[in-house]
Amino acid sequence: MRYDLVIFDNDGVLVDSEPISNRLLAAYLTELGHPTSYEDSIRDYMGSAMHRVHELVLERTGRTLPADFDDVFHARVFAAFERELKPVAGVGEVLEKLTADGVPYCVASSGSHARIRVGHRTTGLDRWFGEERIFSSEDVGRGKPAPDLFLYAAERMGVVPERCAVVEDSPLGVQAAVAAGMDVYGFTAMTPAGKLAQATRLFDDMGELAGLLG
């Protein structure tokens with residue numbers, strides 16, 4: 001394999017969580033008097049950390065979200081994950097191949113550590129990701145599209161950026177990987193290819209990824 005580390009985004013790449021979380025986010029914002037459609041949520045918030053939701057609402061309306069917004073939202077998301085969440089089809093085979101080939105991998109997500117762990121536990125992906133392989137925007141000062149999270153993950157895993165491949169499905173994540181000086185593979189299962197045009201390579205079937213990385 002041409003890479004010394006593969007860094008996975010979590011939501012939409014490892015776990016099929018984007019439809020669930022964006023449906024709930026749109027509903028909650030609308031409930032609070034900020035009319036938001038599912039499509040709006042995908043466009044504005046997919047791949048970003050929670051601070052972006054607060055910042056955009058304040059910028060657009062001049063109003064702040066409730067102090068318990070994050071806690072209420074995450075409680076709703078975690079409950080839905082327990083009922084509905086599945087791994088992205090084919091990702092288990094990719095992780096098996098990387099493990100068999102001795103290629104290090106990790107996850108670097110805009111989501112919180114709690115969100116990552118709930119998703120992995122629910123889908124069985126926790127068998128692949130120990131504590132040393134999990135990195136969150138909570139660990140750095142700035143989330144995506146800043147490169148900080150990917151650079152932090154690479155440093156902690158002991159690999160220089162140019163030897164890393166990132167697997168992402170959001171425009172913000174692709175921007176962050178490019179800014180970090182890493183190759184990025186854009187997963188277009190939910191995101192139009194044109195929005196991930198900065199990616200090194202695009203693919204729409206997770207079963208293709210192992211071959212592309214090699």
Is there side-chain contact between [X] and [Y], with heavy atoms separated by less than 4.5 Å?
X: Met157; Y: Asp4; answer: no
X: Val88; Y: Val13; answer: no
X: His120; Y: Trp128; answer: no
X: Arg163; Y: Leu5; answer: no
X: Met190; Y: Asn22; answer: no

[X] and [Y]: which non-hydrogen atoms are nearest, and at how many Å?
X: Leu172; Y: Ser48; value: CD1-CB, 3.4 Å
X: Lys144; Y: Ser110; value: CD-OG, 3.4 Å
X: Val118; Y: Thr122; value: O-OG1, 2.8 Å
X: Asp204; Y: Ala189; value: O-CB, 4.2 Å

Whether the Ser17 and Asp11 side chains hold a donor-acceptor pair (N or O, under 3.5 Å, no angle test) is what I'd like checked. yes
Does a side chain donor of either Tyr3 or Asp183 reach within less than 3.5 Å of an acceptor in the other side chain? yes
Taking ring pair (Phe, Tyr, Trp, His ring centres under 6.0 Å) as the cut-off, I'd like each qualifying pair that reaches into residues 8-50, sequence neighbours left out, listed once. Tyr28-Phe69
Look at the rings of His74 and Phe78 and say which category their plane angle falls in: under 30° parallel, 30 to 60° tilted, over 60° perpendicular. parallel
Can a donor-acceptor pair be found, under 3.5 Å and without considering hydrogens, that links the side chain of [X] to the backbone of [Y]?
X: Thr30; Y: Thr36; value: yes
X: Thr191; Y: Asp169; value: yes
X: Arg156; Y: Glu132; value: no
X: Ser136; Y: Gly111; value: yes
X: Glu138; Y: His113; value: yes
X: Arg23; Y: Glu18; value: no

Reference residue Val6; test side chain to side chain contact (heavy atoms under 4.5 Å, CB included); the match among Val159, Leu95, Val94, Val167: Val167
Establish whether Tyr105 and Leu151 are linked, either directly or via other cluster members, by ILVMFWY side-chain heavy-atom contacts under 4.5 Å. no
Cluster link Ile20 to Met206, ILVMFWY, side chain under 4.5 Å: yes
Carefully, step by step, assess Arg115 and Ser109 under the rule side chain to side chain donor-acceptor pair (under 3.5 Å). CA-CA 10 Å; Arg115 177 182 173 125; Ser109 172; 6.0 Å; no
Before accepting this row, confirm whether a basic side-chain N of the pair [X]/[Y] lies closer than 4.0 Å to the acidic partner's carboxylate O.
X: Arg142; Y: Asp148; answer: yes
X: Arg121; Y: Glu82; answer: yes
X: Glu31; Y: Arg76; answer: yes

Glu155, CD atom: more than 12 neighbouring heavy atoms under 6.0 Å: no
